[in-house]
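Take a look at the structure below.
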Amino acid sequence: MESQFDYTDKQILQLLRKDARKAYSQIADELKVSNSLVHQRIKKLSESGVIKNAEFVLDEKKLGFKTKSYTGIRLREARFAKPVMEKLNKIDEIVECNYVSGNYAIFILIFARDNEHLREVLYEQVHLINGVAGTDTFICFDTGFKKNIPIQ
């Protein structure tokens, strides 16, 4: 898909990356192109899967989720990976789930109200999923930065 990007596509993506709510008319004004061109390009980028969705970024701490942790999950057998991931997806506090290599089969990101809530999520939900052999949890003290990949 990279070879199908032109300068205008990249500029639109740069602007949307900074503010996904920016009006198409503002993007058009900034890039000195027509409003319809911006609409067409964003539609093309969406249909091709480059733009998946525009979303609000919530402040977890302000919503009462003060404990952030990454948890590596070991499975009893590899065949459990998909059904375990399907069960993990049903746990609201788990906001990201990835297949990984190494000591763990799955790595998840959990937001909890506090350490007690985290313990409940792990011991009363994650550990009870058939196929989970064990977990190791890493508490995140703070996020230094988070950003999208560069548009090149």
Side-chain angles (χ1 to χ4, degrees), residues 1-24 27 38-152:
M1 182 68 199
E2 184 178 338
S3 62
Q4 296 176 8
F5 289 152
D6 66 9
Y7 177 79
T8 303
D9 291 331
K10 291 177 184 178
Q11 293 301 315
I12 290 169
L13 289 171
Q14 291 280 14
L15 292 172
L16 289 175
R17 188 175 152 200
K18 291 178 186 166
D19 181 4
R21 294 178 20 183
K22 184 174 278 239
Y24 291 1
I27 294 171
V38 172
H39 278 275
Q40 290 169 355
R41 296 300 182 95
I42 291 175
K43 182 180 178 188
K44 177 187 83 168
L45 292 165
S46 296
E47 288 173 351
S48 68
V50 172
I51 297 174
K52 292 186 178 183
N53 62 355
E55 58 187 29
F56 290 99
V57 177
L58 304 177
D59 186 320
E60 299 86 6
K61 288 181 182 176
K62 289 184 179 175
L63 291 170
F65 292 86
K66 294 181 175 36
T67 298
K68 176 180 181 179
S69 68
Y70 294 91
T71 298
I73 299 174
R74 292 180 304 283
L75 300 176
R76 283 193 223 134
E77 295 177 24
R79 68 182 172 91
F80 287 108
K82 187 174 180 183
V84 166
M85 193 165 286
E86 288 169 358
K87 297 275 191 194
L88 292 169
N89 191 30
K90 294 178 181 175
I91 301 172
D92 291 337
E93 293 85 352
I94 299 174
V95 299
E96 187 174 325
C97 189
N98 300 284
Y99 292 112
V100 295
S101 62
N103 293 329
Y104 310 105
I106 297 172
F107 224 76
I108 59 176
L109 174 56
I110 302 172
F111 284 99
R113 290 184 303 278
D114 52 32
N115 288 348
E116 179 64 22
H117 183 210
L118 175 62
R119 187 201 62 73
E120 290 170 11
V121 170
L122 289 169
Y123 291 179
E124 296 173 20
Q125 294 183 71
V126 174
H127 282 246
L128 298 181
I129 296 172
N130 186 33
V132 171
T135 62
D136 288 316
T137 298
F138 307 89
I139 301 291
C140 175
F141 296 123
D142 199 4
T143 301
F145 66 87
K146 183 176 180 178
K147 60 184 179 178
N148 280 313
I149 59 167
I151 309 300
Q152 300 179 343

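Only heavy atoms go into these numbers, but all of them, side chains included; no hydrogens, no water, no symmetry mates.
Interatomic distance, Leu13 CG to Leu45 CG, rounded to the nearest 0.5 Å: 5.0 Å. The distance from atom OG of Ser46 to atom CD1 of Ile51, rounded to the nearest 0.5 Å, is 4.5 Å. To the nearest 0.5 Å, the span separating CD1 on Ile110 from CD on Gln125 amounts to 9.5 Å. The CG atom of Leu88 sits 4.0 Å away from atom CD1 of Ile129, with the distance rounded to the nearest 0.5 Å. The NE2 atom of His39 sits 9.0 Å away from atom CD1 of Ile27, with the distance rounded to the nearest 0.5 Å. Annotation: the span from Phe111 atom CZ to Asp92 atom CG amounts to 14.0 Å, rounded to 0.5 Å.
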Checklist line | Derivation of the side-chain contact (heavy atoms from CB on, under 4.5 Å) call for Thr71 and Val126 | finding: CA-CA 10 Å; Thr71 298; Val126 174; 5.7 Å; no
Note to self: For Arg76 and Val84: C-alpha separation, side-chain torsions, deciding distance, then whether side-chain contact (heavy atoms from CB on, under 4.5 Å) applies.
What the structure shows: CA-CA 11 Å; Arg76 283 193 223 134; Val84 166; over 6 Å; no
Next item on the list: Verify side-chain contact (heavy atoms from CB on, under 4.5 Å) between Met85 and Ile106, making sure each step is shown before the conclusion.
Entry: CA-CA 8 Å; Met85 193 165 286; Ile106 297 172; 4.2 Å; yes
Next item on the list: Go through the steps to decide whether Thr143 and Lys68 satisfy the test side-chain contact (heavy atoms from CB on, under 4.5 Å), and finish with yes or no.
Entry: CA-CA 9 Å; Thr143 301; Lys68 176 180 181 179; 2.7 Å; yes
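The two residues Cys140 and Tyr70 come nearest to each other via the heavy atoms CB-CE1, 4.1 Å. Across all their heavy atoms, Arg21 and Phe56 have their closest contact at NH1-CE2, 3.2 Å. Closest non-hydrogen pair, Ile151 versus Arg17, comes out as N-NH1, 3.8 Å. When all heavy atoms of His117 and Glu93 are compared, the closest pair comes out as NE2-OE2, 3.0 Å.
Within a 6.0 Å radius of NZ in Lys22, other residues, nucleotides and ligands contribute more than 12 heavy atoms. Counting non-hydrogen atoms of other residues, nucleotides and ligands closer than 6.0 Å to OH of Tyr123 gives a total of 12 or fewer.
In this structure, Asp6 contributes its side chain and Thr8 its backbone to a donor-acceptor pair below 3.5 Å. Of the possible donor and acceptor atoms, none in the side chain of Asn89 sits under 3.5 Å from a partner among the backbone N and O of Glu86.
Using the six-membered ring where Trp is involved, Phe138 and Tyr104 have ring planes that are perpendicular, over 60° apart on the 30 and 60° scheme.
Counting heavy atoms from C-beta outward, Asp9 and Val50 have side chains that stay 4.5 Å or more apart. Counting heavy atoms from C-beta on, the side chains of Val57 and Lys146 never come closer than 4.5 Å.
Side-chain contact check for His127 and Thr135: at least one donor-acceptor pair (N or O, by modelled atom type) lies under 3.5 Å.
Between Arg119 and Glu116 there is a salt bridge, with a side-chain nitrogen of the basic residue lying less than 4.0 Å from a carboxylate oxygen of the acidic one.
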